[in-house]
Amino acid sequence: MTHHGHAALASALSDLLQARGAHFLVLLLVIIATDYTRADEISYDDVDAPKHPGCDNKFVLVKIRNWIDNVPASDYVGITARFGGPVAARADKAHVTSLSRADPIDCCSNPGGVKHAGNVLLAERGNCTFTTKARIAQQAGASAVLITNDREELYKMVCFENDTFADITIPAIMIPRSAGESLESALQSSQNVKLLLYSPVRPVVDLGELFLWCLAVATVIGASLWSACTANDVGSGRYKRLKEASAASRTKDDSDDKEVVDISIASAVCFLILASVFLLLLYLFMSNWFLMLLVVLFCIGGAEGLQTCLVTLLSRLFPGVGTRHITIPILGTVSSLSVVVFPICVAFSVLWAVYRHAHVAWVGQDVLGVALILTVLQVVRLPNIKVSTVLLSCAFLYDIFWVFISPYIFKESVMIVVARGDKSGGESIPMLLRVPRFYDPWGGYSIIGFGDILLPGLLVSFTLRFDWANKKSLSGGYFLWTTVGYGLGLMLTYVALNLMDGHGQPALLYIVPCTLGIVVLLGWIRKELGALWNNKDVAEEPSAGQVGAAQA
């Protein structure tokens with residue numbers, strides 16, 4: 001690398017590090033944030049699994065209700081094989097059947113004269129192929145076969161070469177080891193076990209998805225309005241007067257208090273490189289302790305973001321409150337409002353961390369997440385469309401690579417594995433907004449990564465500041481159409497999710513063309529692309545001469 005190359009890299013890193021204290025932590029969380037949107041999968045295809053005539057089914061999750069001696073027991077979830085017959089889609093179309101144990105338990109040889117007419121047969125994995133087990137169970141008269149895996153994961157049962165599969169007409173379902181052991185224990189205790197097998201269809205649109213869409217769009221709009229109001233305050237001199245009141249006792253140079261970071265082209269590229277490095281580290285070293293570290297970082301950043309939002313809101317609602325300050329040892333002079341609000345924010349963050357696995361914990365996670373996003377969009381800004389084009393184009397390729405291309409390198413989608421927390425022992429990455437699927441028979445959550453809100457939000461915030469600085473009307477500006485484009489792009493993401501049976505989608509694949517594309521197209525049509533491309537920071541404070549001219 002040349003001397004100029006080193007200088008550019010150093011400058012890019014400096015841009016990312018110049019926000020102090022908790023603001024740097026916020027930026028770090030942005031880098032870690034996953035750009036990924038999904039709903040929990042109930043059926044999916046596998047391009048690597050071999051397909052043959054009679055062996056081309058999708059892998060579909062199956063609900064297994066069970067009763068032991070007519071007493072309802074815990075439900076289980078299994079997965080169908082590439083071969084075999086279908087499972088009923090509705091519980092009222094399925095039949096309650098008895099469960100019997102294969103003998104031998106591996107179901108690799110015919111049980112002789114023993115018949116299991118109409119029963120579901122329970123077998124264990126191993127010693128022969130899955131298709132062999134299914135044929136033997138079918139010959140014994142079973143209506144379906146449950147195959148217990150040797151681990152908790154749901155293994156995908158596929159076919160092998162040099163065989164035919166059209167003769168297998170009963171469903172073959174893999175179940176986790178714990179489920180199989182529980183059912184087998186009941187059978188060995190001579191208890192009567194009955195099952196109901198069905199695979200309910202997920203609704204096309206769930207209220208949770210609509211709520212998450214509204215939350216993401218509202219967050220982008222709110223952050224843009226806040227950013228533009230701050231820029232307007234700076235331009236009018238009001239911001240300076242507010243800052244003077246809060247910094248009266250400070251002795252540091254004003255340059256040390258810079259709170260806004262303008263992204264450069266070099267820092268935009270550096271940002272995405274760091275994001276890729278962190279994502280890969282998460283994938284390679286993901287564990288329970290690693291996720292716990294992210295939870296701690298999220299709590300710190302979330303508490304900082306929540307404090308910033310509350311102090312700003314209360315200061316605007318009650319202007320006199322924000323001007324009162326007290327002196328605290330070590331910390332120096334701080335706002336009395338911050339002293340009151342900060343412990344509340346910390347307590348809220350700690351409570352979420354302690355009860356993050358509760359069924360309502362998603363509310364606390366989303367509150368902290370939205371506050372963190374709003375704060376980031378005040379700390380980091382785009383100076384013009386040129387930088388935005390580089391940033392969002394890199395993010396566009398980043399999303400596509402880690403969702404769709406990484407499986408060809410790592411045998412699985414890196415971003416999907418990280419977002420689901422497959423290797424974390426049940427812990428999930430917290431840098432996501434999530435909403436439960438309220439009317440989905442499978443339950444689960446719809447989620448969206450912070451990056452899918454933050455990166456487009458930078459562009460939307462810029463367009464509103466640009467519109468206000470150039471006194472554009474709502475319809476004649478860029479903010480309205482960029483916001484509509486963001487909502488449309490996110491909506492297209494959910495359409496793709498449903499078309500792909502809930503398989504994770506890179507949201508920026510749809511959002512970037514619908515936001516950046518709209519701004520560039522409108523700028524070209526209106527012959528304002530040059531102004532957008534090289535726009536200076538609209539929030540720059542006017543010089544003394546400009547202020548005097550304005551007053552005159």
Side-chain angles (χ1 to χ4, degrees), residues 54-55 57 59-150 152 154-159 164-200 441:
C55 185
N57 297 343
F59 299 106
V60 179
L61 294 182
V62 178
K63 276 186 177 288
I64 304 172
R65 289 185 182 174
N66 68 99
W67 295 261
I68 299 178
D69 288 341
N70 296 320
V71 177
S74 300
D75 291 353
Y76 302 115
V77 175
I79 188 170
T80 59
R82 181 68 89 188
F83 54 87
V87 177
R90 293 168 48 183
D92 58 357
K93 297 296 183 181
H95 300 286
V96 177
T97 55
S98 296
L99 178 69
S100 58
R101 183 176 181 272
D103 186 17
I105 189 60
D106 60 11
C107 200
C108 290
S109 59
N110 199 302
V114 180
K115 294 293 183 181
H116 303 275
N119 290 358
V120 175
L121 193 62
L122 179 66
E124 290 183 354
R125 178 181 178 181
N127 301 327
C128 61
T129 64
F130 297 122
T131 51
T132 298
K133 297 177 188 292
R135 285 195 180 93
I136 291 176
Q138 183 171 296
Q139 291 168 5
S143 60
V145 58
L146 298 184
I147 301 175
T148 303
N149 196 11
D150 54 7
E152 282 303 295
L154 293 175
Y155 184 82
K156 291 172 284 190
M157 298 183 288
V158 299
C159 307
T164 57
F165 313 97
D167 60 310
I168 304 175
T169 59
I170 65 171
I173 302 167
M174 174 70 72
I175 59 175
R177 180 176 61 184
S178 59
E181 290 174 347
S182 178
L183 293 173
E184 186 175 355
S185 176
L187 292 174
Q188 289 181 336
S189 301
S190 300
Q191 294 176 299
N192 181 25
V193 181
K194 293 187 179 296
L195 302 179
L196 182 68
L197 311 177
Y198 68 107
S199 181

Look only at the side chain of S189 and the backbone of S185, and say whether a donor-acceptor pair between them is shorter than 3.5 Å. yes
Rounded distance [0.5 Å steps], CG in D106 versus CG in N127: 4.5 Å
Hey, what do you get for CE (M157) to CD1 (I79), rounding to the nearest 0.5 Å? 8.0 Å
If you look at every heavy atom in M174 and I147, which pair is closest and at what distance? SD-O, 3.2 Å
Within this structure, what is the CD-CD distance for the pair E181 and E124, rounded to the nearest 0.5 Å? 8.5 Å
Given 3.5 Å as the limit, does a donor-acceptor pair link the side chain of K133 with the main chain of G126, or not? yes
For P441 and K63, the nearest pair of non-hydrogen atoms, with its separation, is O-CE, 3.1 Å
Would a 4.5 Å heavy-atom cut-off, applied to side chains only, mark P200 and R90 as touching? no
Any donor-acceptor N/O pair, T132 side chain to C108 backbone, under 3.5 Å: no
L196 and V96, any side-chain heavy atoms less than 4.5 Å apart: yes
Partners passing side-chain contact (heavy atoms from CB on, under 4.5 Å) against A137 (at least two apart in sequence or in another chain): C107, L121, A142, V145, I170
Could you tell me whether the side chain of S143 and the main chain of G118 form a donor-acceptor pair under 3.5 Å? yes
If you take all heavy atoms of R125 and D150, which pair is closest and at what distance? NH1-OD1, 3.7 Å
In I175, N66, I173, the residue satisfying side chain to side chain contact (heavy atoms under 4.5 Å, CB included) with Y76 is N66
Given Y198 and D92, is the side chain to side chain contact (heavy atoms under 4.5 Å, CB included) satisfied, shown in steps? CA-CA 9 Å; Y198 68 107; D92 58 357; over 6 Å; no
If you take all heavy atoms of A134 and F83, which pair is closest and at what distance? CB-CE1, 3.8 Å
Quick one: are R65 and D75 in side-chain contact, heavy atoms under 4.5 Å? yes
For the side chain of D69 and the backbone of N192, is there at least one donor-acceptor N/O pair under 3.5 Å apart? yes
Would you compute the distance between atom CG of L195 and atom CG of L99 and round it to the nearest 0.5 angstrom? 5.0 Å
All heavy atoms of T169 vs all of Q138, minimum pair found to be N-OE1, 2.7 Å
Counting C-beta onward and ignoring hydrogens, is there a side-chain heavy-atom pair between L146 and I64 closer than 4.5 Å? yes
Kindly indicate whether the side chain of V87, heavy atoms from C-beta on, has any atom under 4.5 Å from the side chain of T80. yes
Which pair of non-hydrogen atoms, one from S100 and one from L187, has the smallest distance, and what is that distance? C-CD1, 3.9 Å
